[in-house]
Amino acid sequence: MMDQFFSRKEKSSESYPHLPDQDNIPSHIAIIMDGNGRWAKSRGLPRSSGHREGMKTITEVVEKSGEIGVDYLTLYAFSTENWKRPKTEVEFLMKLPERFLHKELPRLQKNNVQVKTIGDPSVLPAHTRRAVEKAVEETAGNTGLILNFALNYGGRQELVEVVRQLGQEVQNGVLEPDDITEDMLSGRLLTRDIPDPDLLIRTSGEIRLSNFMLWQLAYSEFWFTDVLWPDFTGSDLMEAVQRYQQRKRRYGGV
Ligand code: FPP
């Protein structure tokens with residue numbers, strides 16, 4: 001827990017000693033970026049400062065992920081439950097995609113990053129939706145890292161939507177209930193175009209999923225750290241990847 005007492009500048013981003021095994025890089029990393037509020041509180045700052053600092057971490061983690069050859073990076077930026085937060089905090093959080101993309105889009109382009117999103121955009125403020133749509137459109141032709149923002153995303157809501165679709169198909173007589181398969185569910189999820197995460201990271205010491213990618217994380221490796229998201233560095237990401245590389249994935253086999 002000492003990390004939170006040092007600022008980014010005091011923390012070496014290369015403190016983790018070994019390079020990961022290039023033959024076993026997780027193709028898809030999903031991250032629950034937690035601890036922005038506590039980071040700010042421990043410094044006597046408003047929660048918004050923690051979120052602002054957390055954005056800088058995103059930049060570092062995106063770059064590092066691209067460098068080591070991760071194909072997909074999904075970041076839980078706003079959950080369907082986050083609307084319960086005070087109005088001023090929600091408004092601030094809704095400005096972050098614009099701020100981030102306004103500042104970082106040129107660099108994302110330069111690094112060949114493709115921006116995608118999962119979640120229900122219909123209730124996002126128009127300014128948030130526009131900023132994200134612009135980034136998605138302008139990076140659509142990029143072929144490098146896929147940076148997938150989960151924005152107003154909820155795993156249960158996603159599954160309910162799939163169940164509704166399948167129910168409709170049954171009702172329309174185009175599908176028999178007995179013919180429903182796992183692939184049919186996977187193929188109707190918001191993540192239908194991307195593989196399931198290999199590695200899930202959650203920062204800040206909380207050990208729970210908080211409604212994140214409930215179906216997709218069935219066989220993922222989990223890695224939890226006490227480091228708060230604003231303190232998380234490329235070096236922490238390397239540690240997570242190396243821990244992942246020490247795991248033996250059996251998918252229920254032996
Ligand atoms: C969790 O910390 C963090 C969030 C709910 C928001 C995460 C968002 C960002 C890091 C920036 C998003 C940026 C873009 C570009 C979409 P918390 O507030 O729950 O912290 P706490 O648990 O310590 O209170």
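Atoms within each ligand, like the ligands themselves, are counted from 1 in listed order. In this text, all values refer to a predicted model and were calculated from it rather than measured experimentally. When reading the values below, keep in mind they use all heavy atoms of this one structure, side chains included, and skip hydrogens, waters and symmetry mates.
- Atoms of ligand 1 found under 4.0 Å from any heavy atom of F100 (numbered from 1 in listed order, with element): 15 (C).
- The shortest N or O to N or O distance between D34 and ligand 1 is below 3.5 Å.
- Closest to atom 8 (C) of ligand 1 among all protein heavy atoms lies A77 O, 3.7 Å.
- The heavy atom nearest to atom 18 (O) of ligand 1, out of those in E81, R85, R38, is found in R85.
- Side-chain contact, S186 with D183: no donor N or O sits under 3.5 Å from an acceptor N or O.
- Side chain to side chain, S122 and D120 meet the donor-acceptor criterion of an N or O pair below 3.5 Å.
- Considering only non-hydrogen protein atoms, atom 13 (C) of ligand 1 sits nearest to I58 CD1, 3.7 Å.
- Heavy-atom contacts from other residues, nucleotides or ligands closer than 6.0 Å to CD of Q22 number more than 12.
- Electrostatic pairing of E221 and R243 does not count as a salt bridge here, judged by no charged N lying under 4.0 Å from a carboxylate O.
- Using a 4.0 Å cut-off between charged side-chain N and carboxylate O, E60 and K56 make no salt bridge.
- The distance from atom OG1 of T139 to atom CD of Q109, rounded to the nearest 0.5 Å, is 6.0 Å.
- Under a 4.0 Å criterion applied to the non-hydrogen atoms of G37, ligand 1 contributes the atoms 17 (P), 18 (O), 20 (O), 21 (P), 23 (O), 24 (O).
- Using a 30° and 60° split on the angle between ring planes, Y219 and Y251 fall in the tilted class, from 30° to 60°.
- The nearest protein atom to atom 3 (C) of ligand 1, hydrogens excluded, is given as M33 O, 3.1 Å; this is a heavy-atom distance.
- Among the atoms of W229, none of the N or O lies under 3.5 angstrom from an N or O of ligand 1.
- Residue-ligand proximity, H51 to ligand 1, at heavy-atom distances under 4.0 Å covers atoms 18 (O).
- Between P97 and ligand 1, no N or O atom pair is found at a separation short of 3.5 Å.
- At distances below 3.5 Å, at least one donor-acceptor pair connects side-chain atoms of N142 with backbone N or O atoms of V113.
- Within the 4.0 Å heavy-atom shell around ligand 1 one finds G35.
- Atom numbering of ligand 1 starts at 1 in the shown order; those under 4.0 Å from a heavy atom of R47 are 17 (P), 18 (O), 24 (O).
- Atom 11 (C) of ligand 1 has as its closest protein heavy atom L96 CD1, 3.6 Å.
- In terms of N/O distances under 3.5 Å, ligand 1 is approached by N36.
- In this structure, E206 does not count as a contact residue of ligand 1, since none of its heavy atoms falls inside 4.0 Å of the ligand.
- An N or O contact shorter than 3.5 Å is missing between W39 and ligand 1 by distance.
- When the side chains of ILVMFWY residues are joined at heavy-atom separations under 4.5 Å, either directly or via intervening members, V132 and M33 end up in a single hydrophobic cluster.
- The pair R43-E53 fails the salt-bridge criterion, with no side-chain N (NZ, NE, NH1 or NH2) lying under 4.0 Å from an Asp/Glu carboxylate O.
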